[in-house]
Number of protein chains: 2
Amino acid sequence: MPDLLSDFTDWSRFGATPAGGLDRLAAGAAHADARRWLTGRMRDLGARLRVDGVGNAFGCYEWVPGAPFVLIGSHSDSQPTAGRFDGAYGVLAALHAAARLDREVSTGAVNPEFNLAVVDWFNEEGARFQPSLMGSGACTGALDADAVLAAVDRDGVTVAAALAEAGMRGTDTPPEAVGYAEVHVEQGRLLEDSGADIGVVTRNWAVRKYTVVVHGEQSHTGATSIADRHDALLGAARVIVAARDVATSFPVDSVLSAVGRIAVAPGSPVVVASRATLDVDLRAADPADLQVAHERLAAALDAISLDGEVRVEIAACSRRPVVEFPATGVRLAEDVAEDLGIRAIRLATRAGHDAISLAARVPTVLVFVPSVAGVSHNERELTRDADLLRGVDVLTGIARALIRVPVDHTLVTHVRHS
Amino acid sequence: MPDLLSDFTDWSRFGATPAGGLDRLAAGAAHADARRWLTGRMRDLGARLRVDGVGNAFGCYEWVPGAPFVLIGSHSDSQPTAGRFDGAYGVLAALHAAARLDREVSTGAVNPEFNLAVVDWFNEEGARFQPSLMGSGACTGALDADAVLAAVDRDGVTVAAALAEAGMRGTDTPPEAVGYAEVHVEQGRLLEDSGADIGVVTRNWAVRKYTVVVHGEQSHTGATSIADRHDALLGAARVIVAARDVATSFPVDSVLSAVGRIAVAPGSPVVVASRATLDVDLRAADPADLQVAHERLAAALDAISLDGEVRVEIAACSRRPVVEFPATGVRLAEDVAEDLGIRAIRLATRAGHDAISLAARVPTVLVFVPSVAGVSHNERELTRDADLLRGVDVLTGIARALIRVPVDHTLVTHVRHS
């Protein structure tokens with residue numbers, strides 16, 4: 001009987017940081033090592049490996065020859081200097097749930113109608129290569145596989161080249177999916193604040209991600225009169241402040257915004273910047289709020305341009321619509337928790353997850369386990385052992401139901417565009 | 001008779017950009033090529049080469065064995081995507097002035113009391129390696145040579161390693177200097193606006209350069225509540241805006257400020273930044289104004305910290321005091337211009353120049369030629385041929401006087417600390 005906690009400790013070594021976190025960028029050396037360890041573990045636990053053309057790895061348990069698969073899993077890539085639990089826990093929880101169900105099937109305790117596969121989706125984070133949810137998006141058709149493979153990191157390395165280098169690109173056909181379930185650490189404090197042990201996700205927040213380019217003109221920081229300056233970095237600073245002001249112009253936590261990355265050219269201490277590129281992230285629980293926030297942001301950028309020193313351009317904007325997870329799936333998760341004597345609450349996810357990609361295609365269930373103080377994308381991220389084990393129990397119960405019962409056709413998802 | 005204009009066209013090929021500018025970072029491949037071309041040209045024109053341990057190259061004309069040297073020159077490194085004239089023109093103008101005087105000495109038209117050396121100072125710009133005025137500062141003792149050689153670029157390459165790689169590090173003793181003269185393109189519009197052809201520099205602006213570090217905490221751009229954020233990039237944006245506000249709180253062009261470079265960690269689209277490092281540049285004509293500007297900036301940074309989201313720290317601050325160039329040198333330059341029928345005006349320099357390093361040690365003369373529209377640190381930087389040639393004539397006249405007349409001991413510099 002494999003032990004999830006010891007497996008998690010072992011797996012967390014790949015990309016471990018001195019501060020106890022993880023630095024496992026998609027298709028980097030540490031991620032390649034982690035993937036090798038995982039696929040070896042899949043084989044140890046009786047799964048047959050399939051790797052598709054965009055770096056998704058599937059550990060397949062084919063109990064019913066020819067039948068489609070229920071998929072359970074998450075992702076093993078991380079942000080830079082991130083926590084150990086984000087994604088990695090969900091993949092390992094799925095592997096242990098699947099191993100448990102494989103024993104139940106072999107002893108005849110469970111008679112499955114569908115097969116089961118554990119999946120490690122490629123590049124959920126979108127830290128090294130954009131967009132995020134890359135592997136799950138390509139697998140479900142939301143993203144074009146060729147475009148995904150051509151995406152480059154800041155050094156100009158393509159996804160295709162990085163996957164080949166990491167030995168993470170395959171040629172297998174992904175298992176046909178009839179359903180998906182995922183357990184993930186909550187990236188917030190709702191569970192901790194409410195005292196619940198499991199969060200059942202009913203929907204996700206609406207998101208818009210912008211690439212904003214500020215056009216200025218290169219000049220001398222010391223010699224150029226203020227009147228002659230077109231300072232792209234100053235313009236970028238005004239955009240960053242405006243993005244925060246847009247969020248705080250709404251009721252607390254109904255709209256969130258941030259700028260996570262900035263690139264400045266030419267970037268010399270004595271040169272006024274000619275160009276700045278910003279990644280702006282705007283999210284809202286209500287798509288109507290997001291639309292208003294978008295209009296306020298666009299107006300703020302126009303005002304900065306009108307000031308005359310720089311020209312601000314929204315070079316690109318990608319949207320993540322609200323996906324309502326199927327009500328029967330939410331009730332299933334609640335029933336499983338209740339049977340296990342675990343207190344569950346319903347919540348919406350602010351963050352993106354591979355389950356959102358899948359929910360647009362097949363009936364999908366997403367559950368959260370608590371994360372101490374809601375710390376996320378930080379080396380201090382922590383989920384307690386008892387919560388890790390409860391999450392495996394809940395995921396096992398959900399998967400047990402999904403492989404036995406023909407998927408309820410009311411398990412259809414509703415997408416609201418913002 | 002070598003032609004300055006054709007030499008300048010030839011030399012500008014090293015590091016030339018498609019837009020007609022120059023990208024010749026200190027000790028980079030293009031700079032190494034430019035240095036090789038220059039030292040070859042020095043030899044063609046009868047100078048004996050000396051290269052010191054910090055990458056300064058001297059083309060020496062030793063007419064009076066054992067006598068000290070008057071130095072004339074500038075620098076051949078550039079900012080990224082910069083203009084062709086900044087520094088490079090001054091080095092080549094000095095070489096052509098020296099060649100002209102060498103002929104006058106050889107024909108007996110001039111009887112020098114001192115020798116003459118053309119100098120190409122290493123890393124005046126401070127773009128790749130900080131601080132700026134590196135070679136001239138090390139040569140005059142303002143900077144410690146060992147500290148200079150240990151300075152690293154953003155890839156961790158030391159000056160010592162870069163100089164060795166570029167073949168630009170020597171072992172020669174620099175010629176003993178009794179005086180210095182430099183011609184440089186003006187990095188402003190005072191000459192153009194006044195219609196004068198030559199600017200005689202009386203003093204430099206007071207400068208403070210700060211390394212400001214903003215300390216935040218890494219978190220999720222989408223999932224983290226605004227109340228839980230410690231966004232280092234947002235704090236940095238407020239610092240950038242504050243730096244501009246400090247400058248504009250003074251009468252027009254009496255105080256200048258800018259942030260030229262920012263480094264953000266970890267720099268992922270979906271991660272709130274944990275740390276941002278900024279290069280802040282503050283300058284004033286009057287040291288008293290600079291002191292007030294410093295106090296306003298420090299108060300603004302404290303206010304950002306007091307807001308509680310981030311902690312702003314001034315990690316380092318370097319000062320450039322005001323140097324008054326010797327009045328007799330100013331009059332000498334004006335007399336030379338008058339004899340040539342060239343209209344000269346007096347002005348102060350906002351930008352740093354190697355002449356400021358030298359002026360703290362030996363009697364120094366610095367003159368400017370016009371730069372169209374005052375464009376500087378930009379590929380569009382332009383000085384017209386007639387102005388380039390006038391600059392050589394004036395520098396020749398100044399050097400002719402300095403090598404003949406024992407240096408007036410009233411040629412002492414006065415330094416005012418800010």
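Note that these values count all heavy atoms, side chains included, but never hydrogens, waters or copies made by symmetry. What you see is a predicted model, and the numbers here were worked out from it, not measured in a lab. By convention in this document, chain letters (A, B, ...) are assigned in the order of the sequence lines, proteins followed by strands, and residues within each chain are numbered from 1.
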Check: Will you find, in the side chains of B/Ser225 and A/Asp253, an N or O donor that is under 3.5 Å from an N or O acceptor?
Finding: yes
Check: Would you say B/His353 and B/Gln187 make side-chain contact, with heavy atoms under 4.5 Å?
Finding: yes
Note to self: For a quick test of reading the model, state the closest non-hydrogen atom pair linking A/Phe250 to A/Asp289 and the distance between them.
What the structure shows: CZ-O, 3.7 Å
Item checked: Which of B/Val252, B/Val239, B/Asp228 touches chain A most, by non-hydrogen pairs under 4.5 Å -> B/Asp228
Note to self: The criterion is salt bridge (charged side-chain N to carboxylate O under 4.0 Å, His left out); which residues satisfy it with A/Asp153, sequence neighbours excluded?
What the structure shows: A/Arg128
Check: Top residue by heavy-atom pair count (under 4.5 Å) with chain A, among B/Ala351, B/Pro269, B/Gly267?
Finding: B/Pro269
Next item on the list: Please list, in residue-number order, every residue in residues 375-383 of chain B that has a heavy atom less than 4.5 Å from any heavy atom of chain A; write 'none' if there are none.
Entry: B/Ser376, B/His377, B/Asn378, B/Arg380
Next item on the list: Tell me, for B/Gln79 versus chain A, whether the close heavy atoms (under 4.5 Å) come from the side chain, the backbone, both or neither.
Entry: side chain
Check: Do you know which two heavy atoms are closest between A/Pro266 and A/Val272, and how far apart they sit?
Finding: CD-O, 4.4 Å
Notebook entry, point to check: Relative to chain A, which segment of B/Thr248 carries a heavy atom at a distance below 4.5 Å: side chain, backbone, both, or neither?
Noted result: side chain
Checklist line | Contact leader toward chain A among B/Asp281, B/Leu233, B/Leu282, B/Thr224, where contacts are heavy-atom pairs under 4.5 Å | finding: B/Leu233
Item checked: Atom group of B/Asp86 that falls short of 4.5 Å from chain A, counting heavy atoms -> neither
